[in-house]
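What follows is one structure encoded as C-alpha cells, with my remarks underneath.
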Amino acid sequence: MTYYLKKLGHQELGSVTPTRPTPSRGRYIYISKNINVLSFFPPLSQTVKNDSSLLPIIPLYLNEPTKIYCNYIYHNDHLFGGSRNEYRIYLNNALENNSFLFTSTDIIVFKKEEIKIEEEIQIVYFLELLKTTDNLYDLCNDIIENSSIRGDHATYDGELKIIDDKISRFLQHGTFNPVVDETVAKKVEESSTNIENLFNATSFRDFVMTGYGGVCAITGNVIKYGQFNNLETAHIKPKSHGGTYLPNNGIPLSRDIHWAFDKGFFTLSDDYTIMVHEKVENEYLASLDGSKIKIPENEFFIPDKSSLKYHRNNVYGLFLTSGRL
C-alpha cells in the first residue's frame, strides 16, 4: 500500500503571489529523481530527449469520478547540450478545475491502482489534494518531514484510511468520465517520444471519445446509462492490418454502425463524406450516403487521410468476399 506524497512549492506553480496572481510560467508538479519515486510512475527513457508518458489521474478532490490525462515528462536536456535534468507532471485546466487550485504548501498524495474499466485493466493514479486546514494534512506533513527523500517528497507504505475510503467510494461508480485537456494533446504533438508508444487500447478509446464529445461521429448521438453506452471506438486502418492506437486513426461509432464500417459496408472520403457501397441492402445505411461525419474542433483528433485511403482501398466492400478483417 504505497503512496507518493509531495509538498508543492512556489516555483513549480508558476511563482504566483497575491500581487501577481497570474503564473509567470507553466504550472507543474516536480517529481523526485529518487529511485523509489521513479519506480512509482511509468518508466521514461534516459536516451530519448524529453521522453514522456500519458498519466491517467483520478482526482479525489473533484465531485465527479473523472479520469484526467496529464503529461509526465523527463526533461533530460543535460544529455543533449542543455541544462535541465528533472521529471515533471504538468498541470492543466481539467486537473485544477479551471482555476489555480493548487497553491504553495499544499500536499498532494498519489496512490497507484490497477482497476477494471469497461472490461479492460488499466493502471490509474488516484490523487488527493490537501490544504493546511484538512484533517490529514498534519500527518502527511510529518511523513514528508521525516522522509529520507530530499526536497519535500516521500513514499509511504502505511495506511491512509481517509484516502482509501474515498477511493473505494469512487470505485463504486464503476466508470470514470475521461478528460483530455487541449494542452495535453499539444504536448503530445510536440513530444520527441515515438507518439505511437504513448497510446494503448484504453487511452485510444478515451482520447477518441473526448475528441468527439462522447457521441457517435455519424449520428451525433449516444445512448447511455451510468457506465453503459452504445459507442465503440472504430479503427480506421484496422489494428489487424497494422493500424495504430493514435487518436487520429479512430472514430466513435454506435455498435451497429461500427460493425458496418469494419465490414466495409461504407467508407469515408478525404473530405469526411460517407460513401455507402452500392450493394448495401439497407435503407437506413443507404440514407447516410453523401452526408458528412462530425469533425473534432481540435486538429489532433481529425481522421488521418492516409488511414482513410487505406480503409477505402482495403476494407471498403470487404463484406462481398470474406466479410472479415
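Just so we're clear, the structure is a prediction, and the values are computed from it rather than from any experiment. Reckoned from all heavy atoms, side chains included, excluding hydrogens, waters and symmetry mates.
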Pair H311-L268, side-chain contact (heavy atoms from CB on, under 4.5 Å): steps then yes or no: CA-CA 8 Å; H311 191 276; L268 300 171; over 6 Å; no
Within a reach of under 6.0 Å around [atom1] of [X], are more than 12 heavy atoms found that belong to other residues, nucleotides or ligands?
X	atom1	result
K33	NZ	yes
E190	CD	yes
N135	CG	no
I223	CD1	no

Applying side chain to side chain contact (heavy atoms under 4.5 Å, CB included), name anything that partners [X], two or more places apart in sequence or on another chain.
X	value
A234	I251, L253, H258, F261
N36	N34, T155
D165	K161, R169
T66	E64, I68, V179

Any donor-acceptor pair under 3.5 Å linking the side-chain atoms of [Y] with those of [X]?
X	Y	result
D304	Y310	no
D157	Y3	no
T183	D181	yes

Can you sort out the partners of [X] under ring-ring contact (aromatic ring centres under 6.0 Å, His included), two or more places apart, ordered by chain and number?
X	value
Y245	F204, H235
F265	W259, F319
F207	Y69, F199
F100	none

I'd like to know whether K131 forms a salt bridge (Lys or Arg N to Asp or Glu O under 4.0 Å) with D106, so could you lay out the CA-CA distance, the side-chain angles of the two residues, the decisive distance to 0.1 Å, and finally the verdict. CA-CA 5 Å; K131 301 290 184 179; D106 287 352; 2.7 Å; yes
Are [Y] and [X] linked, directly or through intermediate hydrophobic residues, by side-chain heavy-atom contacts shorter than 4.5 Å (ILVMFWY only)?
X	Y	answer
V37	Y87	yes
Y125	Y74	yes
L38	I29	yes
L136	I143	yes
L127	I163	no

Going from [atom1] on [X] to [atom2] on [Y], what distance comes out if it is rounded to the nearest 0.5 angstrom?
X	Y	atom1	atom2	value
E189	E299	CD	CD	8.0 Å
F301	E182	CZ	CD	8.0 Å
L44	N50	CG	CG	10.5 Å
I108	L5	CD1	CG	8.5 Å
R27	S15	CZ	OG	10.0 Å
N249	T233	CG	OG1	11.5 Å

Taking all non-hydrogen atoms of both residues, which atom of [X] and which atom of [Y] are closest, and how far apart?
X	Y	value
G211	P296	O-CB, 3.4 Å
P247	F300	CG-CE2, 3.8 Å
K237	G242	CE-C, 4.2 Å
S254	D256	OG-OD1, 2.9 Å
G264	H277	O-CB, 4.4 Å
V184	C70	CG2-CA, 4.3 Å

If we check side chain to side chain contact (heavy atoms under 4.5 Å, CB included) with L54, which of these qualifies: D206, N200, L198?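 When side chain to side chain contact (heavy atoms under 4.5 Å, CB included) is applied between L54 and each of D206, N200, L198, only L198 qualifies.
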How is the hydrophobic cluster of M209 composed, in terms of its other members, when Ile, Leu, Val, Met, Phe, Trp and Tyr link through side-chain heavy atoms under 4.5 Å apart, directly or indirectly?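 Direct or chained contacts put M209 with V215, V222, L231.
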Hydrophobic cluster partners of Y28 (side-chain heavy atoms under 4.5 Å):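 Besides Y28, the hydrophobic cluster comprises Y30, I73, Y90, listed by chain and residue number.
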Can you confirm if the aromatic rings of F41 and F110 lie within a centre distance of less than 6.0 Å?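 Distance test on ring centres: under 6.0 Å, yes.
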Side-chain heavy-atom pair [X], [Y] within 4.5 angstrom cut-off:
X	Y	value
V109	C140	yes
N221	C216	no
E113	L171	no
K7	Y137	yes
D142	I144	no
I257	F266	yes
I31	Y72	yes
S52	N71	no

side-chain contact (heavy atoms from CB on, under 4.5 Å) for V180 and N298? Distances and angles first, verdict last. CA-CA 11 Å; V180 179; N298 189 328; over 6 Å; no
Any sub-3.5 Å donor-acceptor pair from E96's side-chain atoms to F102's backbone N or O?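 Checking the backbone N and O of F102 against the side chain of E96, a donor-acceptor pair under 3.5 Å is found.
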Check whether any side-chain N or O of N76 sits under 3.5 Å from a backbone N or O of L79 as a donor-acceptor pair, and report yes or no.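 Flag not set: sc N76 to bb L79 has no pair under 3.5 Å.
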Do any pairs count as a salt bridge (Lys or Arg N to Asp or Glu O under 4.0 Å) and have a residue in residues 312-321, sequence neighbours left out, and if so which ones?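 For residues 312-321, and leaving out neighbouring residues, the salt bridge (Lys or Arg N to Asp or Glu O under 4.0 Å) pairs sorted by first residue read D270-R312.
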Does anything in residues 219-235 pair up under salt bridge (Lys or Arg N to Asp or Glu O under 4.0 Å), and if so which pairs, sequence neighbours excluded?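 Residue pairs with at least one partner in residues 219-235: E232-R255.
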Start with the C-alpha gap between K112 and T2, add the side-chain angles, then the distance that decides, and say whether side-chain contact (heavy atoms from CB on, under 4.5 Å) holds. CA-CA 8 Å; K112 180 168 62 174; T2 300; over 6 Å; no
Relative to each other, are the rings of F176 and F126 parallel, tilted or perpendicular (30° and 60° limits)?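 Geometry flag for F126 against F176: perpendicular rings.
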Start with the C-alpha gap between K111 and K166, add the side-chain angles, then the distance that decides, and say whether side-chain contact (heavy atoms from CB on, under 4.5 Å) holds. CA-CA 11 Å; K111 188 177 184 188; K166 271 193 173 184; over 6 Å; no
